Amino acid sequence: QVQLVESGGGLVQPGGSLRLSCAASGSIFSIYAMTWYRQAPGNQRELVAQITSGGRWASGGSTNYADSVKGRFTISRDNAKNTVYLQMNSLKPEDTATYYCRQSYYDDYGVPGDYWGQGTQVTVSS
């Protein structure tokens, strides 16, 4: 069973930085994307940043970001550690939310599926 564990959340002042981590264990299928989402109280869950495999998870791939975080957030991965990161700079109060990690994969039959982490809280406040 795949387990995704997010960490790195916390309280930070506006303009500050945090780095979130999503560590995956037990992955056995072909991963084609890792995505960070966030959800603030009363709001729908929204995509923040995504990194895709481009056909080969071991290397390559591409990234995309929500317009609201472009230029401030950076998604990256460390394949050796099975970990995806979200570096968040110039944080704003509107970035306050619970951040979730999602792993998207194809199983041995080509059927897509996904796993979610439990979330980590980010609060941006003075």
Side-chain angles (χ1 to χ4, degrees):
Q1 180 69 19
V2 172
Q3 186 175 19
L4 302 179
V5 179
E6 300 106 329
S7 61
L11 173 64
V12 64
Q13 292 186 341
S17 298
L18 284 174
R19 188 177 80 156
L20 306 184
S21 299
C22 173
S25 61
S27 298
I28 59 174
F29 297 132
S30 177
I31 302 169
Y32 67 86
M34 294 291 294
T35 311
W36 284 99
Y37 290 81
R38 67 185 181 187
Q39 186 168 20
N43 291 354
Q44 290 187 333
R45 192 170 294 189
E46 62 175 352
L47 186 149
V48 176
Q50 183 178 69
I51 186 166
T52 59
S53 69
R56 293 186 62 184
W57 189 247
S59 63
S62 63
T63 58
N64 63 84
Y65 298 90
D67 288 342
S68 59
V69 306
K70 283 181 180 177
R72 300 189 297 123
F73 291 10
T74 302
I75 188 171
S76 62
R77 65 187 185 205
D78 184 332
N79 292 335
K81 296 181 178 180
N82 290 327
T83 299
V84 173
Y85 303 99
L86 185 67
Q87 178 66 44
M88 306 186 295
N89 299 327
S90 302
L91 283 161
K92 305 175 181 179
E94 52 262 44
D95 295 318
T96 296
T98 301
Y99 284 70
Y100 299 90
C101 175
R102 175 187 182 189
Q103 181 188 91
S104 303
Y105 65 86
Y106 291 110
D107 69 12
D108 293 340
Y109 301 95
V111 177
D114 53 63
Y115 294 105
W116 289 85
Q118 83 288 349
T120 184
Q121 178 67 35
V122 172
T123 302
V124 185
S125 176
S126 56

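Bear in mind the structure is a predicted one, so any value in this text is a computation, not a measurement.
Among residues at least two apart or in separate chains, there is no ring pair (Phe, Tyr, Trp, His ring centres under 6.0 Å) pair with a member in residues 71-101. Among residues at least two apart or in separate chains, ring pair (Phe, Tyr, Trp, His ring centres under 6.0 Å) pairs with a member in residues 106-126 are Tyr32-Tyr106, Tyr37-Trp116, Tyr105-Tyr115. Sorted by first then second residue, the side chain to side chain donor-acceptor pair (under 3.5 Å) pairs that include residues 39-49, not counting sequence neighbours, are Arg38-Glu46, Gln39-Arg45.
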Task: Criterion side-chain contact (heavy atoms from CB on, under 4.5 Å) on Ile31 and Gln103, from CA distance to verdict - done: CA-CA 7 Å; Ile31 302 169; Gln103 181 188 91; 3.4 Å; yes

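Within the 4.5 Å cutoff, the side chain of Thr96 has no heavy atoms near those of the Val122 side chain. When side chains are defined from C-beta on, Tyr65 does not count as touching Val48, because their heavy atoms never get closer than 4.5 Å.
With hydrogens and angles left out, the side-chain atoms of Thr52 and Ser62 include a donor and acceptor closer than 3.5 Å. A donor-acceptor contact closer than 3.5 angstrom is absent between the side chains of Ser126 and Gln13.
Closest heavy-atom contact between Arg72 and Ser90: NH1-O, 2.9 Å. Closest approach of Thr83 to Ser21, counting heavy atoms only: CG2-CB, 4.2 Å. Across every non-hydrogen atom of Met88 and Leu91, the tightest pair is CB-CD2, 3.8 Å. When all heavy atoms of Leu86 and Ala49 are compared, the pair lying nearest together is CD1-CB, 3.9 Å. Across Cys101 and Met34, no two heavy atoms sit closer than the pair SG-CE, 3.6 Å. Considering all non-hydrogen atoms of both residues, Gly26 and Val2 come closest at O-CG2, 3.3 Å.
Listed by chain and residue number, Gln50 satisfy the side chain to side chain donor-acceptor pair (under 3.5 Å) test with Thr35 (two or more places apart in sequence, or in another chain). When the side chain to side chain contact (heavy atoms under 4.5 Å, CB included) test is applied to Ser125, the partners found at least two apart in sequence or on another chain are Leu11, Thr123. Annotation: side chain to side chain contact (heavy atoms under 4.5 Å, CB included) contacts of Gln87 (sequence neighbours excluded): Ser17, Arg19, Thr74, Asn89.
A salt bridge links Asp67 with Lys70; the closest basic N to acidic carboxylate O contact falls under 4.0 Å.
The only member of Gln121, Glu6, Gln118 that meets side-chain hydrogen bond (donor to acceptor under 3.5 Å, both in side chains) when paired with Thr98 is Gln121.
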